[in-house]
Amino acid sequence: QVQLVESGGGLVQAGGSLRLSCAASGRTGSSYTMGWFRQAPGKEREAVAVISWSGGSIYYLDSVSGRFTISRGNAKNTVYLQMNSLKPEDTAVYYCAYSSLSWSSPRQYDYDYWGQGTQVTVSS
C-alpha cells in the first residue's frame, strides 16, 4: 500500500500563485511516476501534469503549459506543482496520483493510488 499526502491548496486571486506538494510513503516501488490530476464540479477528472521517476518524461495539459511546473524532490518521493498566473478556470480539487509506470501517462486508469485531494479556488 502506498500513501499520498497532499498540501498547499487554498484560495487565491486570479493571476496569483500556489504550490502544491505531495509526499509518497509506504510500499513504493524502486521507480514510479507521480502526477497531478484535477476535477472541477460537473467535469471529468483530467491530468494536469505528470512526471516520470527520472524526470525525463513530463506531460502537461495544454491549458496549463507555460504556467504550471511539475518537479520532484531530491528524495524522489515528493512531487511539487508550482502554479503561476492562475485563472478562475483552474478552480478544482487537485489530486496527487502514483503509478508504477515508467512514463508520464495522462490516463487516470494507469494510476494505482490517489491522495485525498486538495481544493484550489481562484477568484476573479
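Computed from a predicted model, the values in this text were never measured in an experiment.
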* So which pairs with a foot in residues 44-80 pass ring pair (Phe, Tyr, Trp, His ring centres under 6.0 Å), sequence neighbours left out? -> Y32-W53
* Any residue meeting side chain to side chain contact (heavy atoms under 4.5 Å, CB included) with V12, in chain and number order, not counting sequence neighbours -> L18, L86, V122
* **Contacts of S85 that satisfy side chain to side chain contact (heavy atoms under 4.5 Å, CB included) - sequence neighbours left out** => R67
Report, one line per pair, each donor and acceptor closer than 3.5 Å where one atom sits in a side chain of residues 97-106; sequence neighbours left out.
residue: Y98; atom: OH; partner: G29; partner atom: N; Å: 2.9
residue: S99; atom: OG; partner: L101; partner atom: N; Å: 3.0
residue: S99; atom: OG; partner: D110; partner atom: O; Å: 2.8
residue: S104; atom: OG; partner: S57; partner atom: OG; Å: 2.7
residue: S105; atom: OG; partner: R107; partner atom: N; Å: 3.1
residue: S105; atom: OG; partner: D110; partner atom: OD2; Å: 2.5

* Under a 4.5 Å cut-off applied to non-hydrogen side-chain atoms, are V120 and V93 in contact? -> no
* Would you say the side chain of V79 lies within less than 4.5 Å of the side chain of I70, judging by non-hydrogen atoms? -> yes
* To do: Find out whether W36 and V50 are in side-chain contact, i.e. whether some heavy atom of one side chain is under 4.5 Å from a heavy atom of the other.
  => no
* To do: Please step through side-chain contact (heavy atoms from CB on, under 4.5 Å) for the pair M34 and L4, ending with a clear verdict.
  => CA-CA 10 Å; M34 294 183 72; L4 301 173; 4.0 Å; yes
* **Residues which pass side chain to side chain contact (heavy atoms under 4.5 Å, CB included) with Q1, listed by chain and number, not counting sequence neighbours** => Q3, Y113
* Structure fact -> Heavy-atom closest pair (S52 atom, G56 atom, distance to 0.1 Å) is OG-N, 3.4 Å
* Structure fact -> Hits for ring-ring contact (aromatic ring centres under 6.0 Å, His included) against F37, two or more places apart or cross-chain, chain-then-number order -> Y111, W114
* Which residues share a side-chain hydrogen bond (donor to acceptor under 3.5 Å, both in side chains) with S65, sequence neighbours left out -> none
* To do: Sequence neighbours left out, what pairs pass side chain to side chain donor-acceptor pair (under 3.5 Å) with at least one residue falling in residues 9-30?
  => S17-N84
* **Approximate separation, where rounding is to 0.5 Å, of I58 CD1 and I51 CD1** => 4.0 Å
* Structure fact -> Here the pair of heavy atoms bringing L61 nearest to A47 is CB-O, 3.4 Å
* Structure fact -> salt bridge (charged side-chain N to carboxylate O under 4.0 Å, His left out) filter on R38, not counting sequence neighbours, yields E46, D90
* Nearest atoms (heavy-atom pairs only) where A14 meets P88 -> CB-CD, 4.1 Å
* Give a yes or no answer on whether the side chain of E6 reaches the backbone of Q116 with a donor-acceptor pair at less than 3.5 Å. => yes
* Hey, could you give me each pair passing disulfide (SG to SG under 2.5 Å) that has a residue in residues 9-111? Not counting sequence neighbours. => C22-C96
* Output the distance between atom OG1 (T118) and atom CG (L81), rounded to the nearest 0.5 Å. => 11.0 Å
* Taking only residues two or more places apart in sequence, or in another chain, which ones meet E89 in a side chain to side chain contact (heavy atoms under 4.5 Å, CB included)? -> K87
* Is there a side-chain contact between V48 and M83 (heavy atoms, below 4.5 Å)? -> no
* Structure fact -> Contacts satisfying side chain to side chain donor-acceptor pair (under 3.5 Å) that involve residues 69-78 (not counting sequence neighbours) are none
